[in-house]
Amino acid sequence: MSRSAATKMSSLFLRQLRPLFFSTSITKTSGIPRPASVGSLRIPMLQLRNWSNLAEEEKHVQLPAASAAANPVSDGQDGKRVVSYWGIVPRKLTKEDGSAWRWNCFRPWETYKADLSIDIEKHHKPITLMDKFAFWTVQSLKYPTHLFFQKRHMCHAMLLETVAAVPGMVGGMLLHCKSLRRFEHSGGWIKALLEEAENERMHLMTFVEVAKPQWYERALVFAVQGVFFNAYFVAYLASPKLAHRIVGYLEEEAVRSYSDFLADLDKGNVENVAAPAIAIDYWRLPPDSTLRDVVMVIRADEAHHRDLNHFASDIQCQGHELREAPAPLEYH
């Protein structure tokens, strides 16, 4: 083929393709949206690429105003409604007394009463080299934190919870991927670890209602969480039993921190304000509960997380996989 013939063929091909890339007009044929002026040229893959955008455009054209108003979806705040094109209408939830349920971050069946009878003083004595490494890693991280926050327990608790909510999510995510790769069950451990992460996040949501963090505290949380997430991700890939042991010792320190918090509340060094509404609903606390009651249930939660992670590490240290031992679900 001569050079001039090749040039003519290229020009013809580009003229045929131009409407696909530069034309904005739309035609409909047999109910399937297609770009206009394509002629006899058919490129299904390019048409498929455009279908989602075309559907989005036609959605605004075909949806009548009356139909949009017929499916309001409440976002949990009075006066605000979301129009549901897909017809999704969340059911209206109420409390036991019939009043409206105001929380979207958790549901009534996810609430519970904390077990305050758990042993707060329990400690896993480090014996093996791995245990000692995990223990002293946590101890080395403890002192700078205490030096920075000192007696500002509320700010310390908020930083603690932003970090404590990471391991459960990372562990649950990696076990989820492992279950998919190996086509095997997880023994409930995926759900157990995600429950732990969600419980820790609710601790944070509670403290945020009581104290508003300053900009430098938010910046510190951003930096610490960024480093800790990646470090724990690598640690869990390398050795899940070491990762769980580290979290077990972290939770032991959390229990001690909340014990110090309670001591200062009892001494009057921290004002014992009324418990926020989110805490009363989440832990099913009495309506007249105070901050001290909230710290008590959170400390009990941390003690349960301590036991769960030490238990997970023990399973693997004995040569088993987590899926071989049933996970303690709902063990907050």
Side-chain angles (χ1 to χ4, degrees), residues 112 114-142 160-161 163-201 203 227-259 298-332:
Y112 67 100
D115 178 16
L116 300 179
S117 64
I118 190 169
D119 185 3
I120 300 300
E121 302 298 328
K122 192 184 298 182
H123 168 63
H124 182 277
K125 187 176 180 180
I127 299 175
T128 66
L129 180 63
M130 183 199 74
D131 288 352
K132 292 178 180 178
F133 176 79
F135 177 76
W136 287 110
T137 297
V138 172
Q139 293 300 307
S140 65
L141 296 173
K142 178 182 72 174
L160 187 67
E161 299 302 343
V163 172
V166 169
M169 183 60 66
V170 172
M173 175 186 67
L174 291 177
L175 286 180
H176 175 76
C177 293
K178 181 180 178 181
S179 176
L180 297 178
R181 289 195 310 271
R182 295 190 177 183
F183 309 102
E184 63 186 18
H185 294 287
S186 69
W189 280 96
I190 295 174
K191 187 174 182 179
L193 292 177
L194 294 181
E195 279 185 355
E196 176 187 319
E198 177 64 8
N199 182 248
E200 296 283 8
R201 191 182 67 85
H203 294 174
V227 173
F228 183 74
F229 179 94
N230 291 284
Y232 190 78
F233 182 87
V234 173
Y236 204 97
L237 285 175
S239 176
K241 59 185 176 183
L242 172 62
H244 282 294
R245 188 69 78 201
I246 289 175
V247 177
Y249 286 125
L250 279 173
E251 298 293 358
E252 288 185 15
E253 291 302 323
V255 171
R256 293 191 184 96
S257 295
Y258 284 119
S259 295
I298 290 179
R299 185 179 66 169
D301 286 349
E302 303 293 3
H304 283 88
H305 299 161
R306 170 202 66 195
D307 295 349
L308 183 142
N309 281 278
H310 280 315
F311 175 55
S313 184
D314 288 344
I315 293 170
Q316 295 170 97
C317 286
Q318 295 170 19
H320 303 289
E321 293 192 20
L322 285 180
R323 63 185 179 87
E324 298 176 22
L329 294 175
E330 300 178 353
Y331 185 74
H332 292 291

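Along the sequence shown, residues carry numbers from 1. These figures come from a predicted structure and were not determined experimentally.
Counting heavy atoms from C-beta on, the side chains of S313 and M130 come closer than 4.5 Å. At a threshold of 4.5 Å between non-hydrogen side-chain atoms, the residues E324 and I315 do not count as touching. Taking the side chain as every heavy atom from C-beta outward, N309 and L250 never approach each other to under 4.5 Å. With contacts defined as side-chain heavy-atom distances shorter than 4.5 Å, the pair H176/S186 does not qualify. H304 places none of its side-chain heavy atoms less than 4.5 Å from the side chain of E196.
Taking a cutoff of 4.0 Å between a charged side-chain nitrogen and a carboxylate oxygen, R201 and E198 qualify as a salt bridge.
Contact detail for A303 and I120: the closest heavy-atom pair is CB-CD1, 4.2 Å. Here the closest heavy-atom approach between residue A197 and residue M169 is recorded as CB-N, 3.5 Å. The heavy-atom pair separating V138 from I246 by the smallest distance is CG2-O, 3.6 Å. The shortest non-hydrogen separation linking F311 to A325 is CZ-CB, 4.5 Å. R306 and G248 make their closest contact through CG-O, 3.8 Å (heavy atoms, listed as atom of the first residue, atom of the second, distance).
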Stepwise side chain to side chain contact (heavy atoms under 4.5 Å, CB included) test for D131 and Y249: CA-CA 9 Å; D131 288 352; Y249 286 125; 4.1 Å; yes

Audit row: I298, E161, side chain to side chain contact (heavy atoms under 4.5 Å, CB included) steps and yes/no: CA-CA 10 Å; I298 290 179; E161 299 302 343; 4.0 Å; yes

Evaluation steps, side chain to side chain contact (heavy atoms under 4.5 Å, CB included), between L193 and L308: CA-CA 9 Å; L193 292 177; L308 183 142; 4.0 Å; yes

Side chain to side chain contact (heavy atoms under 4.5 Å, CB included) between L141 and F228, worked out: CA-CA 11 Å; L141 296 173; F228 183 74; 5.6 Å; no

Audit row: R256, E253, salt bridge (charged side-chain N to carboxylate O under 4.0 Å, His left out) steps and yes/no: CA-CA 5 Å; R256 293 191 184 96; E253 291 302 323; 2.7 Å; yes

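In this structure, Y232 and Y236 have tilted ring planes: the angle between them lies in the 30° to 60° band. Using the six-membered ring where Trp is involved, H310 and H124 have ring planes that are parallel, under 30° apart on the 30 and 60° scheme.
Between the side chains of Y112 and D301, at least one donor-acceptor pair of N or O atoms lies under 3.5 Å. For the residue pair H305 and N199, a side-chain donor N or O sits within less than 3.5 Å of a side-chain acceptor on the partner.
When atom types are taken as modelled, the side chain of S140 and the backbone of T137 share a donor-acceptor pair closer than 3.5 angstrom. Put simply, the side chain of R323 never gets that close to the backbone of W189: no donor and acceptor are under 3.5 Å apart.
Atom CG in L194 sits 9.0 Å away from atom CG in L175 (nearest 0.5 Å).
In this structure D314 satisfies the salt bridge (charged side-chain N to carboxylate O under 4.0 Å, His left out) test together with R245, sequence neighbours excluded.
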